[in-house]
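Here the structure is laid out as structure tokens; the discussion comes afterwards.
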Amino acid sequence: MKLSKMHIHTLREAPTEAEIPSHIYLLRAGMIRKLVSGVYGYMPFGYRVIRKIEEIVRQEMDAKGGQEILMSAIQPAELWQESGRWYAYGPEMWRLKDRNERDFCLGPTHEEIFTDIIRSEVTSHRQLPMNLYQIQTKYRDEQRPRFGLMRSREFIMKDAYSFDKDKEGLDKSYWEMYDAYEKIFTRCGLEYRAVEADTGAIGGSDSHEFTAISEVGESEVAYCDSCDLAATTERAECVGDEPSVEPELALEEVHTPNTKTIDDLVKFLTIHKKKTMKALLFQAYKDETNFEYVVAFIRGDRELNVVKLVNALNIPEHALVFANEIEMNKVTGAVGGFTGPIGLQNCKILLDAELKDAKNLVAGANKADYHVKNINHGRDFTADLILDLKLIKEGDKCPKCGAPVRIARGIEVGQVFKLGTKYSEAMKAVYKDENMKDQVMEMGCYGIGVSRTMAAIVEQYHDENGIIWPVAVAPYHAIVSVVNVKDEGQMKLGTEIYEELKSVGIEALLDDRDERAGVKFKDADLMGIPVRITVGKGAVSGMVEYKLRKEADKVDMTAKDAVHAAVGFIDGEMFDK
RNA sequence: CGGGGUGUAGCGCAGCUUGGUAGCGCAACUGGUUUGGGACCAGUGGGCCGCGGGUUCAAAUCCUGCCACCCCGACCA
């Protein structure tokens, strides 16, 4: 394409709303455009990148026998009620009504829809396994959309669903998708980790998350340099410290005014945080109206892992809310800031495993301004449930090998789930086996955030001048920048090179805009075109300048050599992987 | 949902304290001079100053309600 004929709109300055590189550069390069908070449109260059990513996804999905379809974004509530997720999905679901007051939602994911198709169209074991996928716009009414494409309310997602006869089949489908995902993200040029993950609102048993390494990512992964541990921090087991060996001392109530926080308390009593237990009070809703009070006790220096808590309670995450302390006090006797395990009533007590055998702890006395010293589980109170409730942190013992764990941040670009029979059972997706008996299908689902992947690539590939697209996803491979378009010799040579590149299958641009060279260079850098061939004064003797976006070197060579160099570089980058 | 901040031309901002007919830079348009890293000169167009209510002779400016957007936290594939 000739740039003079294209709609490009680059910005010299970064819009104030953008904070992170991917957001800033995608806006500045004119690749995306915000409509409202968390809702973006894709302009010509940006959409080309999206299509490049989609094409990689398609090729790898098709290679595994996936079949592409396209379902509606609008979904009827009935299917969600059938699976039980109309309530469970919570406020993130974008709900709407038609003129007859019938409930619908904009699909945040499509398990129900795909299950519905399969149950009505697949009846025989001969039709299985099956893998269907789509690339489509998804809607999640995020509480806090953030960072441009990173967390948006409308986004492009590839979602695939596998249907198998049995667990063995599911396992095979799952690892094939895992393999496809590795190929996809590798081809996109991403540095990523595949880590064990929680299954969240989707449900199911096993899950892996594909996390692109990035400081600005919202996902945290725990990994170990000594073994193969790799899991999201939500998922990672935290084994905690060994209990100290010491005699159990007698309970002692102490006056501790103004010590509502652990920090205040340890200062007041001059003890270590590891000797304290902190209480977190919640209401756990079983449905819209019915709830029970829950208190989680963890060591004073620990952070609660909410995912572990809701999994233990078997409720969706939005059904767990911090308790109103005044209300709770009436029912359980708990006092905010002074809650302890002794004397608590009418509430479920969950105890972090680390505290099970810990000796002589300090906790609230359920009485304002008082704490109790030397509390020992078993002797002084009994928990309803003892389990791992804490968030793993840098330096904690690796649950697999005991070495200190490391924590890294990243962007979740994909996730694979073994759903098992969660949906097929609820929605009666069955097939007839060889003996004419009904069997419930085993399902898996597999998502890739296409638009988020685009942002993740920019996070990993940029410099102070803009984006540096890997060739595989670049909107165009090469740009021929004619320095002075009024110079006939330059224009002629530039056009020849441009035509030559196109004729050998390279996606080329001709910057024939009547602009100064600096403008063209800045734009080419900002938009991240991998190869630039500059046609300037040297054109009279057939010489041009060849430059790669990712390298600083500029090399003068003949036009013919530049074309060869470009072809060689682009082929190498595309097929090296 | 809690805390903080911001809404003035397409983008970035000043003006608001102390009310008096709307300003700068970039971008755009016209003409000219330029032409290898975001040129220069001259000229031009472009604003319900987020929206509503109030105070006042007079409101971008003061008061008030609402809305939107951003950041931190909470929360979330």
Side-chain angles (χ1 to χ4, degrees), chain A residues 9-20 23-24 27-28 30 33-39 89-93 108-111 138-148 150-153 155 157-159 197-204 207-211 217-220 232 234-235 280 303-304 306-307 310 316-322 411-417 445-453 465-466 481-487 490 511 513-526 532 534-539 543-545 547 552 554 556:
Chain A
H9 183 70
T10 57
L11 303 174
R12 189 177 295 205
E13 291 163 290
T16 37
E17 67 195 47
E19 293 276 326
I20 63 168
H23 195 193
I24 290 172
L27 284 172
R28 278 195 56 202
R33 213 189 146 80
K34 186 179 77 174
L35 188 59
V36 293
S37 178
V39 179
Y89 210 92
E92 214 176 284
M93 185 187 277
T109 175
H110 279 229
E111 282 78 11
K138 294 283 187 282
Y139 297 86
R140 295 185 190 175
D141 192 3
E142 297 282 350
Q143 285 182 66
R144 190 180 161 204
R146 228 197 301 214
F147 297 151
M150 205 68 84
R151 175 161 301 279
S152 50
R153 298 193 291 173
F155 58 98
M157 175 166 154
K158 186 283 302 182
D159 47 325
D198 185 73
T199 52
I202 306 289
S207 177
H208 283 85
E209 185 176 300
F210 289 76
T211 304
E218 298 178 284
S219 218
E220 268 191 349
T232 64
E234 290 177 345
R235 171 74 173 191
L280 296 132
E303 244 183 284
L304 179 72
V306 176
V307 169
V310 298
E317 204 153 327
H318 69 88
L320 185 76
V321 295
F322 273 103
I411 301 159
E412 182 195 343
V413 287
Q415 192 166 1
V416 292
F417 300 83
C445 76
Y446 318 92
I448 289 178
V450 173
S451 41
R452 185 185 277 182
T453 296
N465 292 317
S481 299
V482 177
V483 170
N484 184 353
V485 298
K486 290 185 182 132
D487 180 310
Q490 289 185 22
D511 195 347
R513 293 177 298 169
D514 188 9
E515 290 283 356
R516 295 172 69 86
V519 173
K520 299 183 185 187
F521 296 154
K522 289 285 183 193
D523 277 349
D525 286 351
L526 183 58
R532 188 181 80 207
T534 305
V535 182
K537 290 197 184 95
M543 296 296 284
V544 299
E545 179 190 276
K547 181 178 181 306
K554 301 170 188 170
D556 290 325

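Chain A is the first sequence line, chain B the second, and so forth, proteins listed ahead of strands; every chain is numbered from 1.
- In this structure, the side chain of A:Arg153 does not engage the main chain of A:Asp141 through any donor-acceptor pair within 3.5 Å.
- No N or O donor and acceptor, one from the side chain of A:Asn484 and one from the base of B:G36, sit under 3.5 Å apart.
- In this structure, A:Glu209 reaches neither bases nor backbone, as no heavy-atom distance under 4.0 Å exists between it and the strands shown.
- Put simply, the side chain of A:Arg146 and the base of B:G73 share no donor and acceptor less than 3.5 Å apart.
- Atom P of nucleotide B:G38 and atom CG of A:Asp511 are separated by 15 Å, given to the nearest angstrom.
- Within the 4.0 Å cut-off from OP1 or OP2 of B:U35, not a single side-chain nitrogen or oxygen of A:Lys486 is found.
- Residue-level contact check: A:Gln143 touches the bases, meaning some heavy atom is under 4.0 Å from a base atom.
- Taken from CG in A:Leu320 to CG in A:Leu280, the straight-line distance is 10.0 Å, to the nearest 0.5 Å.
- The nucleotide B:U61 finds no pairing partner, because no Watson-Crick or G-U wobble arrangement with both distances shorter than 3.5 Å includes it.
- Across all strands shown, B:G25 forms a Watson-Crick or G-U wobble pair, both distances under 3.5 Å, with B:C11.
- Geometric assessment of A:Arg532 against the ring of A:Phe521 yields a positive cation-pi assignment under the 6.0 Å and 45° thresholds.
- Only the C1' atoms considered, B:U55 is 34 Å distant from B:C71, to the nearest whole Å.
- In this model, a side-chain donor or acceptor of A:Arg532 finds a partner on the base of B:G37 within 3.5 Å.
- Look at the P atom in both B:A60 and B:G50: the space between them is 10 Å, to the nearest Å.
- Atom NE2 of A:His9 is separated from atom P of B:C11 by 8 Å (rounded to the nearest Å).
- Looking at the side chain of A:Lys547, the nearest of the listed nucleotides B:C69, B:G37, B:G38 is B:G37.
- B:C29 and B:A9 have their C1' atoms separated by 15 Å, given to the nearest Å.
- Judged by distance alone, with hydrogens and angles left aside, the side-chain atoms of A:Glu17 form no donor-acceptor pair with the main-chain N or O of A:Gly148 at under 3.5 Å.
- No engagement by A:Asp487 is indicated, since no non-hydrogen atom pair under 4.0 Å with the nucleic acid exists.
- Contact between A:Pro108 and A:Arg140 at its shortest, heavy atoms only, is O-NH2, 2.7 Å.
- Under 4.0 angstrom from either OP1 or OP2 of B:A39 there lies at least one side-chain N or O belonging to A:Arg516.
- Remark: the A:Gln490 side chain and the B:G36 base include no donor-acceptor N/O pair separated by less than 3.5 Å.
- In this structure B:C16 sits in no base pair that meets the Watson-Crick or G-U test at under 3.5 Å.
- With values rounded to the nearest 0.5 angstrom, A:Lys34 atom NZ is found 12.0 Å from A:Ser152 atom OG.
- A:Glu13 comes within 4.0 angstrom of a nucleotide base, judged by non-hydrogen atoms across all strands.
- At the heavy-atom level, A:Leu526 lies under 4.0 Å from base atoms of the strands shown.
- Comparing the same atom, C1', in B:G52 and in B:C67 gives a spacing of 10 Å after rounding to whole Å.
- Between A:Gln490 and the choices A:Val485, A:Thr534, A:Val535, the side chain to side chain contact (heavy atoms under 4.5 Å, CB included) rule is met once, by A:Val535.
- Using N1 to N3 plus N6-O4 or O6-N4 for Watson-Crick, or N1-O2 and O6-N3 for G-U wobble, each under 3.5 Å, B:C40 pairs with B:G32.
- Using a 4.0 Å heavy-atom cutoff across all strands shown, A:Gly447 reaches no nucleic acid atom at all.
- For A:Thr10, whose side chain is taken as the heavy atoms from C-beta onward, the closest listed nucleotide among B:C69, B:G38, B:G37 is B:G38.
- Among the protein residues, A:Phe155 comes within range of the nucleic acid bases, having at least one heavy atom under 4.0 Å from a base atom.
- In this structure, B:C69 and B:G5 make a Watson-Crick or G-U wobble pair, each of the two defining distances being under 3.5 angstrom.
- Residue contacts for A:Arg33: at a heavy-atom cut-off of 4.0 Å it reaches no nucleic acid atom on any strand shown.
- Considering only side-chain atoms of A:Thr16, the nucleotide from B:C75, B:G37, B:C13 that sits closest is B:C13.
- Only the C1' atoms considered, B:G12 is 37 Å distant from B:C57, to the nearest whole Å.
- Among the protein residues, A:Lys537 comes within range of the nucleic acid bases, having at least one heavy atom under 4.0 Å from a base atom.
- With B:C70, B:G38, B:C71 as the candidates, the nucleotide lying closest to the side chain of A:Ser37 is B:C70.
- With contacts defined as side-chain heavy-atom distances shorter than 4.5 Å, the pair A:Ile448/A:Phe210 does not qualify.
- Taking only side-chain nitrogens and oxygens, A:Arg12 never comes nearer than 4.0 Å to OP1 or OP2 of B:C11.
- Across all strands shown, A:Ala197 has no heavy atoms under 4.0 Å from either base or sugar-phosphate atoms.
- Across the C1' atoms, B:C51 and B:G45 are found 27 Å apart, a figure rounded to whole Å.
- The CD-P distance, from A:Glu17 to B:G10, rounds to 15 Å in whole Å.
- Look at CZ on A:Arg140: it is 18 Å from P on B:C75, rounded to the nearest Å.
- Counting all heavy atoms, side chain and backbone alike, A:Cys445 lies closest to A:Glu111 at SG-OE2, 3.2 Å.
- With B:C69, B:C11, B:G36 as the choices, the nucleotide that has an atom nearest any side-chain atom of A:Phe521 turns out to be B:G36.
- A:Ile24 places its CD1 atom 11 Å from the P atom of B:C71, with the value rounded to the nearest Å.
- Atom C1' of nucleotide B:A39 and atom CZ of A:Arg513 are separated by 15 Å, given to the nearest angstrom.
- Comparing B:G10 with B:U21, their C1' atoms are spaced 25 Å from each other, to the whole Å.
- Here the separation of B:C75 from B:C66, taken at their C1' atoms, is 26 Å to the nearest Å.
- Sequence order on RNA chain B of the closest nucleotides to A:Lys34 and A:Gly518 puts A:Gly518 first from the 5' end.
- The nearest heavy atom of RNA chain B to A:Val483 and to A:Arg452 marks one nucleotide each, and the one closer to the 5' end goes with A:Val483.
- Atom CZ of A:Arg144 sits about 8.5 Å away from atom CD of A:Glu218, to the nearest 0.5 Å.
- With hydrogens and angles ignored, no donor-acceptor pair closer than 3.5 Å exists between the side chain of A:Asn465 and the base of B:G37.
- Nucleic acid contact for A:Gly449: base, since at least one base atom lies under 4.0 Å from a heavy atom of the residue.
- Distance, A:Arg144 CZ to B:C71 P: 5 Å, rounded to whole Å.
- Atom P of nucleotide B:G5 and atom CD of A:Glu19 are separated by 16 Å, given to the nearest angstrom.
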